[in-house]
2 protein chains.
Amino acid sequence: MALKTETERRSWRQDPEAVKRDILAVALSEFAENGLSGARVETIASRTRTSKRMIYYYFTDKLGLYTAALEAAYMKVREGEAALDLGGLPPARALARLVAFTFDHHRRNPDFIRMVMIENIHNAENLVASQVIRDMNVAAIDKLEDICKRGQEDGTFRQGLDPVALHWQISAASFFNVSNRPTFNAIFGPNLFTGTAQADLRRQIVESVLAIALTPPALTEIRAEIAGTAAPGLSG
Amino acid sequence: MALKTETERRSWRQDPEAVKRDILAVALSEFAENGLSGARVETIASRTRTSKRMIYYYFTDKLGLYTAALEAAYMKVREGEAALDLGGLPPARALARLVAFTFDHHRRNPDFIRMVMIENIHNAENLVASQVIRDMNVAAIDKLEDICKRGQEDGTFRQGLDPVALHWQISAASFFNVSNRPTFNAIFGPNLFTGTAQADLRRQIVESVLAIALTPPALTEIRAEIAGTAAPGLSG
DNA sequence: GCAAAAATGTACTGACTTGTTCATTTCGGG
DNA sequence: CCCGAAATGAACAAGTCAGTACATTTTTGC
């Protein structure tokens, strides 16, 4: 029975997997809120259904727990991203949708953003160790690469586009919008983060990215397409 | 003698001001590197020319020291920004220059960026308290507001521009370029951060911001202007 | 020069925090 | 139903770290 280990491990004990998941979920939220050195193992433990003992039993270290939480954060967003289907869309449409989606997705996952912020403060030392995370992000680029290739083939995208640079642009705006909200808010007030202003911002970002990727004629075309379903000539 | 306090305070003791400055400089670099909870007061003390005792004497708290360091970071970048003169430039030129400058300036001041990152992790709690910092940033907006106004008056800028939103765009790219370099680097390699790729990135950001702010005709005009000193027709 | 205030050095403390030890329970397989 | 391994609970050990007490020196105003 090749599936023995698989099946029996599931009904193994009184659900150690659930215990691990419980710990991880709490750890993620706690690390995201307080940072690596700011988080307290005892606090995490107290918020789980188990004890501190179990944290060390399953994750050996505070750092081990942190790394696991970081991976968990990446996995969670990846699941969300999987829901996005760009298959049938023409390249320009697909790109527009990807940008808008990323913007919204980041907004919906502040814990993930904060984990990445924290990881950057630590010079990505723990991220380097995780192959899981690296694979994940390469997948994101593959998606973009596919769009670029299709766009260049049908002539709507400029030549010489760098998918990574494009990803950088998309990420910068979407990430910053969440990561720097507190300071921006404190200094300039919350106006930029209300529903309507956020919608404007998103539109602007989509526009900017399209302007970078598309050839001028393709750009004017999709602008018209997005503005309404009407063709450009019909509205004037 | 009205200047008595001023003059004599300078030669007051064996230079307590210098001690404060020494502590602050070390604290800034240490907090920027390790974060608020990650930094150790003893480590900071050991890197100064004085003792831990003095830190508490002058700054009362670890948090007091952190806040002072945060303000110091803002002041330092503000000095750098003061060097930028946009007075005589026409609006489009001024905006282009402001964007390019911000990009470079952030790149040159990673400690400042890291302090802002850290402050965001802490939900800007300590920034709210500091009037100094808020005034500083309002000044930055004033600069942009002036450019916008001039641009709208001479017809090169679109109507209804929000200087704060523009500032957001400029900041997002320039900030992200420094703040998220570690993770980006770890995942996609260092290609985007070499001299030439960074120059490309900067050009792209300038372009994007101009595309947001300028009217289409003004945009094509300044593009030609930037591409070379030659007029558009001459190169073809 | 002298008294008062400011500045500084040394050594210490109390609280907090990570991680461990040891004993106990739960569970699967035979 | 019993044995060994996995899983867990409770108290504890060792080290770390922010902050302080106390003594001493330096400077200033007079």
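Naming convention: chains lettered A, B, ... in sequence-line order (proteins, then strands); numbering from 1 in each chain.
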Any side-chain N or O of B:Ser51 less than 4.0 Å from the OP1 or OP2 oxygen of C:dG9?
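For C:dG9, OP1 or OP2 has a side-chain N or O of B:Ser51 closer than 4.0 Å.
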Hey, is the side chain of B:Arg40 poking within less than 4.0 Å of OP1 or OP2 on D:dA18, counting only N and O atoms?
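B:Arg40 to D:dA18 OP1/OP2: side-chain N or O found under 4.0 Å.
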Give the rounded distance in Å between these two atoms: [atom1] of [X] and [atom2] of [N].
| X | N | atom1 | atom2 | result |
| --- | --- | --- | --- | --- |
| B:Ile55 | C:dG9 | CD1 | C1' | 14 Å |
| B:Met54 | D:dT24 | CE | P | 16 Å |
| A:Leu65 | C:dT18 | CG | P | 11 Å |
| B:Tyr56 | C:dT13 | OH | C1' | 13 Å |
| A:Tyr57 | C:dT21 | OH | P | 15 Å |
| A:Glu42 | D:dG9 | CD | P | 15 Å |
| B:Glu17 | D:dT26 | CD | C1' | 16 Å |
| A:Lys20 | D:dA6 | NZ | P | 13 Å |

To the nearest 0.5 Å, how far apart are CD1 in A:Ile212 and CG in A:Asp162?
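Taking CD1 in A:Ile212 and CG in A:Asp162, the distance rounds to 11.5 Å.
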Tell me which nucleotide among [options] gets nearest to the side chain of [X].
| X | options | result |
| --- | --- | --- |
| A:Asp61 | C:dG9, C:dG19, D:dT8 | C:dG19 |
| A:Tyr58 | D:dG9, C:dT8, D:dA7 | D:dA7 |
| A:Lys62 | C:dA6, C:dG19, D:dA18 | C:dG19 |

Look at the side chain of B:Glu119 and the backbone N and O of B:Leu127, then say whether any donor-acceptor pair between them is shorter than 3.5 Å.
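Yes; judged by distance alone, with no hydrogens or angles, the pair exists.
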Could you tell me whether the side chain of A:Asn180 reaches within less than 4.5 Å of the side chain of B:Trp168, counting heavy atoms only?
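B:Trp168 does not reach A:Asn180 side chain to side chain.
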A:Lys52 (side chain) and C:dG19 (base): donor-acceptor pair under 3.5 Å:
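By the distance-only test, yes, there is a pair.
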ring-ring contact (aromatic ring centres under 6.0 Å, His included) pairs, two or more places apart, involving residues 16-59 of chain A:
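Residue pairs passing ring-ring contact (aromatic ring centres under 6.0 Å, His included), neighbours aside: A:Phe31-A:Tyr66.
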Where at least one partner belongs to residues 186-211 of chain B, residue pairs that pass ring-ring contact (aromatic ring centres under 6.0 Å, His included), sequence neighbours excluded
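Qualifying pairs: A:His167-B:Phe188, B:Phe184-B:Phe188.
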Under 4.0 Å between any heavy atoms, over every strand shown, what does [X] touch: base, sugar-phosphate, or nothing? Just pick one.
| X | result |
| --- | --- |
| B:Arg53 | base |
| A:Phe59 | nothing |
| A:Ala39 | sugar-phosphate |

